**Student:** 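Handing you this structure, nothing more for now.
Because the structure is a prediction, the values reported are computed rather than measured.
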Protein chains: 2
Amino acid sequence: MTKELKNKKSWGEQMRRGLEFKKKARIILVDDNYEHLSGIKELIEIESDFDVVATATSASVAISLIKKYRPEIVLMDINMPEKDGLTAIAEIEKLDLGVRTIALTGYDDPDLIFRAMKIGAKGYILKTMASAQLIYAIDEVANGKIYLPATLSSRFFEYFQKSFKEETQVISDEENLLNYLTQREEEVLDLLTQGITYKGVAQKLFISETTVKTHVNNIFQKLQVNDRTQAVLYALNNGFLNRRKVKIAI
Amino acid sequence: MTKELKNKKSWGEQMRRGLEFKKKARIILVDDNYEHLSGIKELIEIESDFDVVATATSASVAISLIKKYRPEIVLMDINMPEKDGLTAIAEIEKLDLGVRTIALTGYDDPDLIFRAMKIGAKGYILKTMASAQLIYAIDEVANGKIYLPATLSSRFFEYFQKSFKEETQVISDEENLLNYLTQREEEVLDLLTQGITYKGVAQKLFISETTVKTHVNNIFQKLQVNDRTQAVLYALNNGFLNRRKVKIAI
DNA sequence: CTGTTTCTAGACCATATGGCCTAGATTGCC
DNA sequence: GGCAATCTAGGCCATATGGTCTAGAAACAG
C-alpha cells in the first residue's frame with residue numbers, strides 16, 4: 001500500500017512538472033470540521049501549487065462562495081450536518097458553472113461512491129488516503145479527467161454491476177410473455193406503447209382497424225391482460241422497448 | 001506514459017510475488033485473430049505465471065471450452081464477427097460459473113466500455129496498452145477486483161454522468177406537468193399507472209365512478225393528453241413513480 | 001365574508017375499446 | 001398434399017372510456 005502510494009505520488013509530481021506552464025487551479029475547500037479544513041488547506045499549499053481561494057464549513061456558505069469565486073475545483077466533505085454534501089454537489093452541478101467537484105469522505109461505502117459519481121462528482125477521495133493521492137486526484141480532475149482511485153473504482157463497479165444484474169434478471173426471464181408475440185403483434189404493441197389509438201395504428205401499418213383489434217386481442221391473451229393500458233405497462237416493465245434509456249434513483 | 005506503465009508493471013510484479021502461495025489462475029483466451037491469440041498466449045506465459053488452459057477463435061467455441069475447463073479468467077476480444085464479444089460476455093455471466101471476464105479491444109469507445117462493464121465484465125483492456133498493464137489487470141481481476149485503467153475509467157464516468165444527466169434533466173424540469181396535479185388527481189393517476197379500471201379506482205378510493213371520471217378528465221387536460229394510456233406514459237416518462245428502479249439498455 | 005380551489009357527483013352522449021366468432025390468403029414445414 | 005401459424009378482415013354486441021356540462025360541500029386565503 002505504501003509503495004503504491006509513493007508511486008502515485010511520483011506520478012503526480014511528474015504530471016505537475018509537465019503542467020507548470022498552465023495557470024494554477026483555484027480551489028475551494030468545504031468541510032464542517034475546521035481542523036480538517038485548515039489541515040487540508042496547509043497540505044495543498046505546501047505540497048502543490050494549487051491556489052486555495054476560499055474555505056467554508058457549511059454547504060450553503062460554500063455555494064455562495066462558489067458563485068463569487070468561480071473556482072476550477074471544489075473539494076467537498078460529504079459528511080456534514082445540516083445540508084449534506086451530496087445535495088450540495090448536486091446543486092453545484094445544477095448551477096452549471098463548469099466547477100469540478102471532488103467528494104471527500106471517511107467512508108468507502110459503495111452506495112455513497114455510486115451516488116456521488118452519479119450526480120456528477122469528478123472525483124472521490126478518502127480522508128485516510130495519503131496526501132499525494134489527494135494532490136494527484138486534484139491534478140487529474142483539474143486536467144478535465146474524472147478520477148477515482150483503483151480501490152474505490154473496483155467497489156463502484158461491483159455496486160454498479162450488482163444493481164444492474166438485479167434489473168436484468170427481471171428482463172431476461174424466460175417466462176417473459178413478450179417472447180410469444182408474433183412480429184406483427186410486436187409492431188402493434190410498439191405503437192400502443194406510444195399512446196396511439198387503434199385508428200392511428202391502422203393508418204401507420206396500412207391495415208384496417210378491425211385487423212388492429214384482432215392483433216390487440218391476441219396480444220391481450222398472450223400477455224394475460226385485459227386492456228391497452230395493462231398491455232403497455234407489461235411491455236414497459238418487461239423490457240419490451242426503451243432498453244436504451246437509463247433511469248437510476250438518487 | 002512509459003514511466004507510468006513501468007510503474008504499473010512493478011506493482012503487478014509485487015502483487016504476484018506476494019501471491020505465490022496461491023494456485024495459478026487458469027485463463028482462456030478468445031480472439032478471432034489467430035496471430036493475436038498466440039501473441040497474447042506467449043506473452044502471458046512468459047511474463048506471468050498464469051496458466052493458459054485453452055484458446056478459441058470464436059465466441060461459441062469459447063463458451064463450450066469455458067463450460068469444460070471452468071477457468072478463473074476469460075480474456076475476450078470484443079471485436080469479433082459472427083457472435084460479438086459483448087453478447088458472449090453476457091452469456092458467460094448468465095452461466096453464473098464464477099468465471100471472470102476481461103474485455104479486450106482496440107477501441108476506447110466509451111459506449112463499448114459502458115456496455116461491457118454493465119453486462120458484467122470485470123475488466124477492460126486496450127490492445128494498445130503495454131503488456132505489463134494486461135498482466136496487472138489479470139492479477140487484479142484474479143484477486144476478485146474489478147479493474148479498469150485510469151484512462152478508460154475516466155471515459156467511462158464521463159459517459160455514465162452524461163447519460164445520467166440527460167435523464168435527470170427530463171425529470172427535474174420545472175415544466176413537468178405532473179406538478180400541476182392535485183393530491184387526489186395524483187392518487188387517481190397512481191392507480192391508473194397500475195392498470196386499474198375506473199371502477200377499480202372508484203372502489204379503492206371509496207368514491208363514485210363518475211367522480212373518478214371527473215378527476216381523470218382533469219388529469220387529461222392538465223397533462224395535455226387524450227386517453228388513459230397516454231396519461232400513464234406521461235407519468236412514467238416524467239418520473240411520477242418508480243424513481244427507485246434502474247433501467248439501462250444494453 | 002367572499003372568491004378560489006378541491007373533491008365530490010350526476011346527466012347526456014359519442015365513440016373507443018374489448019370479447020367472441022368466422023374466414024380467406026399466404027407462408028412454411030412435415 | 002396437408003397441417004399449422006400468421007396476417008388479414010369483418011360482424012355483432014356490451015361496456016368502458018372520453019367530452020362537456022352543471023353543481024353542491026368543504027377547506028382555505030385574502
**Student:** Which atoms form the tightest heavy-atom contact between A:Val30 and A:Ser58, and what is the distance?
**Tutor:**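 Distance-wise, the nearest heavy atoms are CG1-O, 4.0 Å.
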**Student:** Quick one: B:Asn226 CG to C:dT17 C1', roughly how many Å, whole number?
**Tutor:**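 About 15 Å, once rounded to whole Å.
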**Student:** Give B:Thr182 one of three labels, base, sugar-phosphate or nothing, depending on what nucleic acid heavy atoms sit under 4.0 Å from its own.
**Tutor:**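 It contacts sugar-phosphate atoms only.
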**Student:** Using whole Å, what does the distance between atom P of nucleotide D:dT15 and atom CG of A:Asp227 come to?
**Tutor:**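 The answer, rounded to whole Å, is 16 Å.
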**Student:** Under a 3.5 Å cutoff, is there a donor and acceptor pairing between the side chains of B:Gln221 and B:Asn217?
**Tutor:**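 Note: B:Gln221 and B:Asn217 side chains miss the donor-acceptor criterion.
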**Student:** Would you mind reading off the distance between B:Glu209 atom CD and D:dT17 atom C1', rounded to a whole angstrom?
**Tutor:**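 Answer to the nearest Å: 10 Å.
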**Student:** Let me know, please, whether A:Lys222 or A:Ser208 comes out on the 5' side of the other along DNA chain D by nearest nucleotide.
**Tutor:**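 It is A:Lys222, whose closest nucleotide lies nearer the 5' terminus.
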**Student:** Do the side chains of A:Lys222 and A:Glu185 get close enough for a salt bridge, i.e. N-O under 4.0 angstrom?
**Tutor:**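 A:Glu185 and A:Lys222: salt-bridged.
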**Student:** Could you state the atom-to-atom distance from CG of B:Asn217 to P of C:dC12 in whole Å?
**Tutor:**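 Atom-to-atom, B:Asn217 to C:dC12, this comes out as 18 Å.
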**Student:** For the pair made of CG in B:Leu205 and C1' in C:dC7, what is the distance, rounded to whole Å?
**Tutor:**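 These atoms are roughly 11 Å apart.
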**Student:** Separation of B:Arg184 atom CZ from D:dA27 atom C1', in whole Å?
**Tutor:**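 From B:Arg184 CZ to D:dA27 C1': 15 Å.
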**Student:** For B:Thr214 and A:Arg228, take the nucleotide of DNA chain D holding the closest heavy atom to each; which residue's nucleotide lies nearer the 5' end?
**Tutor:**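 On the 5' side of the pair lies A:Arg228.
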**Student:** How many Å lie between CD on A:Gln230 and P on D:dA16, as a whole number?
**Tutor:**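 Interatomic distance, CD of A:Gln230 to P of D:dA16: 13 Å.
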**Student:** Under 4.0 Å between any heavy atoms, over every strand shown, what does A:Lys213 touch: base, sugar-phosphate, or nothing? Just pick one.
**Tutor:**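 Here A:Lys213 touches the bases of the nucleic acid.
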**Student:** Are any of the side-chain nitrogens in A:Arg155 or A:Asp111 under 4.0 Å away from the carboxylate oxygens of its partner?
**Tutor:**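 No, A:Arg155 and A:Asp111 are not salt-bridged.
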**Student:** NA contact type, B:Thr210, heavy-atom cut-off 4.0 Å: base, sugar-phosphate, or nothing?
**Tutor:**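 Base, at least one base atom sits under 4.0 Å.
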